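Small disclaimer: the values here were computed from a predicted structure and weren't measured. Residue numbering restarts at 1 for every chain, and letters A, B, ... go by the order of the sequence lines.
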Amino acid sequence: MYIYDSVQKTKRLFTAQNEGKVTLYVCGPTVYDDAHLGHAKSALVFDLLVRVLRTNGYDVTYARNITDIDDKIINKAKEQNKSIKEITEFYTDAFHKEMAQIGVSRPDLEPKATESLDAMYALIQKLIESNHAYQTADGDVYFDTSSDSEYLTLSKRVQNEDEKVNRVENSLHKRNNADFALWKSVKDGTIVFDSPFGAGRPGWHVECSAMIEKHLANQDMKFAVDIHGGGADLLFPHHENEAAQTRCGTNHALANYWMHNGFVNIDGEKMSKSLGNSFFLKDALKIYDGEVLRFYLLCTHYRSNFNFNEEDLVTSKKRLDKIYRLKKRLFGLTSVNAKTQFQDELLKALSDDLNISNTLALIDEMITHANETLDTAGKHKELKAETLSNLAYIEEVLGFGAKNPFEYFQSGMDEETKTKIAELILKRDEAKKTKDFAISDKIRDEILSYGVSIMDTPQGTFWEKV
RNA sequence: GGUGCCAUCGCCAAGUGGUAAGGCCGCAGCCUGCAAAGCUGCUAUCCCCAGUUCAAAUCUGGGUGGCACCUCCA
């Protein structure tokens, strides 16, 4: 297995610290709003990574946190006159449901910030004791970036002394411009936690470090986790700060491998609320099938930026259709476990830093070869068994093609229309039997008007939604 | 202003030194009553310039054009 390490900026052979076992931590959502396509992309990428690691025989512990303490959550709660819990539970639940629709399994661990406050206090305490953090007169606790000689080695950034481009709201009490908050004291007494450092709430970065220590870290190892992942924007400052906290506050470094997924743009523009083009997953799911979205969002390499547009989505669906058409051709046959060369090659491609492009090329070639053989030697038993096994393998490793193929092609059609189409097909069959092609073509036009296409096969006439 | 990434057929997109994968679209054909689906064949020398090398899309330098991050962000 090779993984591109976005800190070392090179593809590295993956080695687990603890042989055969992998710990993976991915920065999850802050639950104050609906998930957008970017959240979907990130979740899909690491879902695929976990599947590939497991197929390679690793025992994977995958943790993705839920950030349920944050200023944005608090603001939303105030706005809607609801409790924090009502807000976070609502969006956590929605997140899970929507992710399930695009075939993303739940991680093994889903730590919440609210359940990890003890670990945050412990980490902040340790940082203060070791002079890596300090409390200001107004009660905030800051990480002292000048105390960490390795600070900025993760993102390879140079300390910027130009005050004009420094957008952070500056505190007069900070020792260095770059110092970031571990604990923000709150005076208005609205929504706060009581800590050893006074009433307030934790900084965003310390939440992740603490959750990793509490739920996932192996204390005896050089690195808290094998792989740490997240969106490309998180490298700085979030991961830089996380790494600094863990390095200075514990006896190990944070992660051996860092993986960052690219961004999702909409029609060439960055998705953002100010541009008014945020594309929420729930809205996309109203228009497109969850599996089609999964396939489309995964068909570009995880590190590339992804440009979402409807035309490409329709094109990519045609590729997924091919998997299902082959499945339809073999429908009713029972699958057997057959190890094939195709499966070896597929896993090899995916194990090369999730090279999805080569993976899809292999799948298309397998499909073409299977169709070709089925066309010329329809009774090829061994090939049928192998092909079914290959399709099952694709389903397991990539999560494509799990549905009943007939339902896949007819999803979104109401029962009434389905019945009507079935009747028309019967009528057309009768006309065809008497070679009354004028009538049968007329009936076909009527069927087509329902937005479907039909295909005559030796097994009978089938239809698909266009 | 600082740092980094990218530029491959009409579109999407692999390929990091050995002579351009795959998908969509298009064209021709097989199959079909005709279609659809499936199959076969055809379609690029890799943004520009210079250099290194027996050999470069791949390395180096210089352009041009996109994009990202710089303390809210997946």
**Student:** Please confirm whether the shortest side-chain N or O distance from R329(A) to OP1 or OP2 of rG38(B) is below 4.0 Å.
**Tutor:**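 Indeed not, no polar side-chain atom of R329(A) lies that close.
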**Student:** Base, sugar-phosphate alone, or nothing: which one does S42(A) contact when heavy atoms must sit under 4.0 Å apart?
**Tutor:**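 Sugar-phosphate only.
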**Student:** For rA13(B) and S316(A) - does any side-chain N or O of the residue sit under 4.0 Å from the phosphate oxygens OP1/OP2?
**Tutor:** no
**Student:** If you only use heavy atoms from C-beta on, which nucleotide in rA74(B), rC12(B), rG22(B) is closest to the side chain of R319(A)?
**Tutor:** rG22(B)
**Student:** Kindly check if the number of other-residue, nucleotide or ligand heavy atoms within 6.0 Å of CD (E382(A)) is above 12?
**Tutor:**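 At most 12 heavy atoms, drawn from other residues, nucleotides or ligands, come within 6.0 Å of this atom.
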**Student:** Rounded to whole angstrom, note down the P distance from rG22(B) over to rG15(B).
**Tutor:** 15 Å
**Student:** Of the nucleotides rC34(B), rG38(B), rA14(B), which has the atom closest to the R444(A) side chain?
**Tutor:**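 Among rC34(B), rG38(B), rA14(B), the one nearest the side chain of R444(A) is rC34(B).
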**Student:** Less than 4.0 angstrom from a charged side-chain N to a carboxylate O is my criterion; do K97(A) and D93(A) meet it?
**Tutor:**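 Salt bridge present between K97(A) and D93(A).
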**Student:** Send over the distance from K9(A) NZ to rA68(B) C1', rounded to a whole Å.
**Tutor:**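 Interatomic distance, NZ of K9(A) to C1' of rA68(B): 11 Å.
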**Student:** Would F263(A) pass as stacked on rA74(B), i.e. its ring centre under 5.5 Å from the base's six-membered ring centre and planes under 30° apart?
**Tutor:**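 Stacked: ring centres under 5.5 Å, planes under 30°.
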**Student:** Between the base of rA35(B) and the side chain of S453(A), is there a donor-acceptor distance below 3.5 Å?
**Tutor:**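 Check fails, no donor-acceptor contact within cut-off.
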**Student:** Could you check which of rU71(B), rG33(B), rA37(B) has an atom nearest any side-chain atom of M455(A)?
**Tutor:**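 Nearest listed nucleotide: rA37(B).
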**Student:** Atom NZ of K322(A) and atom P of rA36(B): how far apart are they, to the nearest Å?
**Tutor:** 16 Å
**Student:** Return the nearest nucleotide to the side chain of D233(A); candidates are rG33(B), rG38(B), rA74(B).
**Tutor:**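 Selected nucleotide (nearest to the side chain): rA74(B).
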**Student:** Kindly indicate whether a cation-pi arrangement holds for K11(A) with Y4(A), taking the cut-offs as under 6.0 Å to the six-membered ring centre and within 45° of the axis.
**Tutor:** no
**Student:** Identify, with sequence neighbours excluded, every residue that meets side-chain contact (heavy atoms from CB on, under 4.5 Å) alongside Q135(A).
**Tutor:**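 Here the qualifying residues are V141(A), F197(A).
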**Student:** Regarding D456(A), tell me which of base, sugar-phosphate or nothing describes its non-hydrogen contacts under 4.0 Å with the strands shown.
**Tutor:** base
**Student:** Is it the case that K328(A) places NZ or CZ above or below the six-membered ring of F409(A), under 6.0 angstrom from the centre and within 45 degrees of the axis?
**Tutor:**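 Yes.
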**Student:** Looking at rC25(B), I'd like to know if its phosphate oxygens (OP1 or OP2) sit under 4.0 Å from a side-chain N or O belonging to K318(A).
**Tutor:**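 Yes, within the criterion.
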**Student:** Under 4.0 Å, counting only non-hydrogen atoms across every strand here, what does V45(A) touch: a base, just sugar-phosphate, or nothing?
**Tutor:**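 Counting heavy atoms under 4.0 Å across all strands, no contact is made by V45(A).
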**Student:** Looking across every strand, which nucleic acid part, if any, lies under 4.0 Å from N371(A) by heavy atom: base, sugar-phosphate, or nothing?
**Tutor:** sugar-phosphate
**Student:** Taking the side chain of L234(A) as its heavy atoms from C-beta onward, which of rA74(B), rC12(B), rC70(B) lies nearest to it?
**Tutor:** rA74(B)
**Student:** Within less than 4.0 Å of OP1 or OP2 of rA68(B), is there a side-chain N or O belonging to N305(A)?
**Tutor:**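 Indeed not, no polar side-chain atom of N305(A) lies that close.
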**Student:** Using a cut-off of 4.0 Å on non-hydrogen atoms, how would the nucleic acid contact of H36(A) be classed: base, sugar-phosphate, or nothing?
**Tutor:**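 Here H36(A) touches the bases of the nucleic acid.
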**Student:** Using the closest heavy atom to pick a nucleotide of RNA chain B for each, name whichever of K11(A) or E372(A) lands nearer the 5' end.
**Tutor:**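 Final value for this comparison: K11(A).
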**Student:** On RNA chain B, does the nearest nucleotide to L360(A) precede the nearest nucleotide to C299(A) from the 5' side, or the other way round? Give the residue.
**Tutor:** C299(A)
**Student:** Within the 4.0 Å heavy-atom criterion, would you say E311(A) contacts the bases, only the backbone, or no part of the nucleic acid?
**Tutor:** nothing
**Student:** Which whole number of Å gives the distance between the C1' atom of rC9(B) and that of rU43(B)?
**Tutor:**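 So the two C1' atoms sit 8 Å from each other.
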**Student:** Under 4.0 Å between a side-chain N or O of T368(A) and OP1 or OP2 of rC39(B)?
**Tutor:** yes
**Student:** From CZ of R303(A) over to P of rC5(B), roughly how many Å is that when rounded to an integer?
**Tutor:** 12 Å
**Student:** Nearest to the side chain of T315(A), which nucleotide is it out of rC34(B), rC24(B), rA14(B)?
**Tutor:** rC24(B)
**Student:** Taking the minimum atom-to-atom distance to the side chain of T300(A), which one of rA37(B), rA13(B), rA74(B) wins?
**Tutor:** rA13(B)
**Student:** Should we say atom CZ of F437(A) is surrounded by more than 12 heavy atoms from elsewhere, each under 6.0 Å from it?
**Tutor:**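 More than 12 heavy atoms, drawn from other residues, nucleotides or ligands, come within 6.0 Å of this atom.
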